[in-house]
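Working notes, structure below.
Just so it is clear: chains get the letters A, B, ... in the order the sequence lines come, proteins before strands, and each one is counted from 1. No hydrogens, no waters, no symmetry mates; every other heavy atom, side chains included, goes into these values. Nothing here was measured: the structure is a model prediction, and the numbers come from that model.
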Amino acid sequence: MDSIVSLKQVTKQYPGGGRPALDRVDLAIQEGAFVGVMGASGSGKSTLLSILGAMATPTSGQVMVDGLDVTSLGPEGRAVFRREYLGFVFQHLQLVPYLTAIENVALPLAAMSGQRREKLELAAECLARVRLTGKERNLPTQLSGGEQQRVAIARALVNRPPIILADEPTGNLDTDNGQEIIGLLRDINDDGHTVVMVTHNPAYAAIVSDIVTLRDGRIVS
Amino acid sequence: MTFLGIAAANVRRRPVRALFVVISLAIAIATVVSLLTVSRALKADTEASLDEYGANIVVVPRSGSLTLSYGGVNVPAVSYGTSEFSADVVSAVRSIRNAENISVVSPKLIGATSVTVVADHPVPILLVGVDFQSEMAMKKWWQVTGEVPRGQSEVLLGSAVAEQLKKGPGDTLTMGDAAVAPAGAGPDPPRVAGVLVETGSAEDGLIFADLGFTQRLLGKAGRLSMVEISARCNTCPIEEIVRQLTLALPGARVTALKQAVQSRLDTIGRLGRFSLAVAAVVVLIGALVAAVSVSSSVNERTREIGIFRAVGFRGVEIAVIILGEVALESVIGGALGVILGGVAAGTIGTVAAGLKVSPWPGLPLAGVGMALALLAGLLAGAYPSRKAARLDPVDALRFI
């Protein structure tokens with residue numbers, strides 16, 4: 001299977017920082033993989049996800065996604081890249097508080113052409129997929145933590161991106177809700193999306209197809 | 001979902017957050033609208049008052065003769081009694097196209113005569129025949145000791161003349177030039193009705209009498225030396241009125257007292273400029289308050305901006321959301337300001353200035369108010385939106 005993501009000698013050195021957050025990292029992620037990124041706090045997991053998500057640019061090295069050299073893109077180009085290629089799921093506080101569940105899901109479609117009704121229908125389908133039918137008009141404050149995270153997953157799916165990046169998606173949830181979220185990510189992966197998930201929880205090692213372990217900015221396994 | 005839809009949702013669902021911008025702009029626009037409305041009403045009132053305050057056009061007969069200065073105006077050859085025109089001039093003045101701009105017409109006959117106080121020692125004097133009603137309407141600054149003449153046989157003395165002749169209210173004058181009106185042929189000796197309080201002008205040395213009396217005394221029935229006109233120049237340039245009068249009175253010389261007109265326009269202009277300056281300062285303060293409010297709101301919303309960035313919004317699209325919110329708040333603030341300003345103008349105008357001011361400022365001023373609110377809001381939002389658009393996604397996401 002082809003690599004959808006490949007990192008070549010990627011180094012990220014923050015200004016004023018001592019050792020690099022990422023140090024000459026080489027990584028290839030196969031299309032359709034479910035990759036778990038593990039490591040201790042400060043090992044470089046979040047920096048790796050930022051670079052994969054085109055939020056941060058590496059100090060050196062190259063990031064290729066689906067044949068596109070992401071490191072050559074400017075800030076606006078990277079924004080368009082995120083819109084077309086990526087879906088993000090964060091740990092917490094990731095919904096826009098004044099938008100309803102369905103509006104939050106439809107957020108990535110704002111910059112895309114199409115009728116409002118069609119966009120909301122698509123968002124409703126995604127909400128149904130995460131089993132939130134009936135909660136479309138709820139504001140985030142009217143949803144539980146688990147429901148908010150499911151809205152975030154629906155939002156990550158709505159623009160049908162090939163890659164889903166999840167940063168500790170179960171970090172703020174109880175075990176049952178955590179299991180449900182992981183189950184949803186598994187389903188999404190089964191549908192063909194490549195999923196890269198940062199997690200501390202070793203229990204999820206059995207669920208993912210590949211594990212990348214970071215230590216001091218380097219991949220150790 | 002659109003960018004402006006996101007902006008509208010924020011304003012709709014978090015009204016308290018929007019309140020600062022709305023209130024600051026509403027106060028600014030209300031101040032501007034009330035100030036300009038009251039100022040406009042004051043201006044109209046001042047124009048109306050000033051236009052009735054003294055003459056701004058003088059009509060005299062065309063003459064190549066020597067002239068006499070009266071009230072700063074050269075009156076041709078009055079001392080020789082050779083240059084007058086018919087009293088029909090008054091009706092001709094009233095018939096011009098812009099006759100509605102003419103507020104007061106004061107016809108005059110000026111002539112030299114004499115007053116005899118000591119037998120065989122007549123004192124030469126300049127007599128001005130006027131229509132007292134028109135004259136008093138035009139010269140609102142005149143103050144009279146005694147009374148304003150009412151009948152045809154009453155006169156008003158200039159302060160210097162009264163002193164020279166030692167005459168005052170109730171006294172009788174022996175007037176007339178035997179060569180012009182021999183004893184028994186002229187009108188009865190007039191009674192002094194009042195004395196003009198010193199004006200510091202040529203008027204102090206004159207005797208004012210009824211126009212008909214003067215015409216009979218000087219033997220110039222139906223004749224006039226000059227006509228003073230007070231015209232409202234705010235709706236029609238004085239040059240245009242002069243042009244129309246010149247065409248209507250071919251035998252007359254029509255002169256605009258530009259200094260008087262200019263002084264009136266200057267007074268009105270200063271009023272308008274002062275209002276505009278205050279309005280500009282108030283809008284600036286409103287915009288600054290709005291800018292601080294929007295800036296603080298953007299700082300608090302770094303997390304949201306991080307989400308926008310993560311889902312792929314470009315900087316310009318984030319700026320559109322921020323500016324869209326500010327624009328919406330500005331329109332609400334502007335509309336509120338126009339309504340409040342109108343009500344305030346109606347109240348202030350009536351209570352403070354004694355003017356009747358309509359609470360509806362009119363479509364042009366309402367439009368200006370709305371446009372100003374929008375402009376101030378967009379200027380206030382320019383820096384914060386630029387800052388939001390340039391926010392580093394990694395920095396923004398640190399809040400998540």
Q: Decide if atom CZ of B:Arg386 counts as having more than 12 heavy atoms of other residues, nucleotides or ligands within a radius under 6.0 Å.
A: no

Q | Sub-4.5 Å side-chain heavy-atom contact between B:Val311 and A:Arg155 | A | yes

Q: Please look at A:Thr100 and chain B and tell me whether the side chain, the backbone, both or neither of the residue comes under 4.5 angstrom of a heavy atom of that chain.
A: both

Q | Interface moiety of A:Arg78 toward chain B, non-hydrogen atoms closer than 4.5 Å | A | neither

Q | N/O donor-acceptor pair under 3.5 Å between A:Glu103 side chain and B:Ile6 backbone | A | no

Q: Give, as side chain, backbone, both or neither, the part of B:Arg301 having an atom under 4.5 angstrom from any heavy atom of chain A.
A: side chain

Q. Considering only heavy atoms, which portion of B:Arg314 lies under 4.5 Å from any heavy atom of chain A: side chain, backbone, both, or neither?
A. both

Q.
Counting heavy-atom pairs under 4.5 Å with chain B, which one of A:Ala106, A:Ala111, A:Ser50 comes out on top?
A. A:Ala111

Q. Does A:Arg215 CZ have over 12 foreign heavy atoms under 6.0 Å away?
A. no

Q. So among B:Arg13, B:Glu304, B:Arg14, which one has a side chain to side chain donor-acceptor pair (under 3.5 Å) with A:Tyr98?
A. B:Glu304

(Q) Need one label for A:Pro97: side chain, backbone, both or neither, based on atoms under 4.5 Å from any heavy atom in chain B. (A) side chain

Q: Please indicate whether B:Glu100 has more than 12 foreign heavy atoms, meaning atoms of other residues, nucleotides or ligands, lying under 6.0 Å from its CD.
A: yes

**Q.** Distance-minimising heavy-atom pair for B:Phe313 and A:Ala79
**A.** O-CB, 3.7 Å

Q.
Can you confirm whether more than 12 heavy atoms, excluding those of B:Phe20, are under 6.0 Å from its CZ atom?
A. no

Q.
Measuring only between side-chain heavy atoms, which start at C-beta, is A:Leu107 closer than 4.5 Å to B:Ile307?
A. yes

Q. Pick from A:Leu109, A:Leu99, A:Leu165: which one has the most heavy-atom pairs with chain B under 4.5 Å?
A. A:Leu99

**Q.** Heavy-atom proximity to chain B below 4.5 Å, by part of A:Ile102
**A.** neither

Q. Between A:Arg82 (side chain) and B:Gly312 (backbone), is there a donor-acceptor pair under 3.5 Å?
A. no

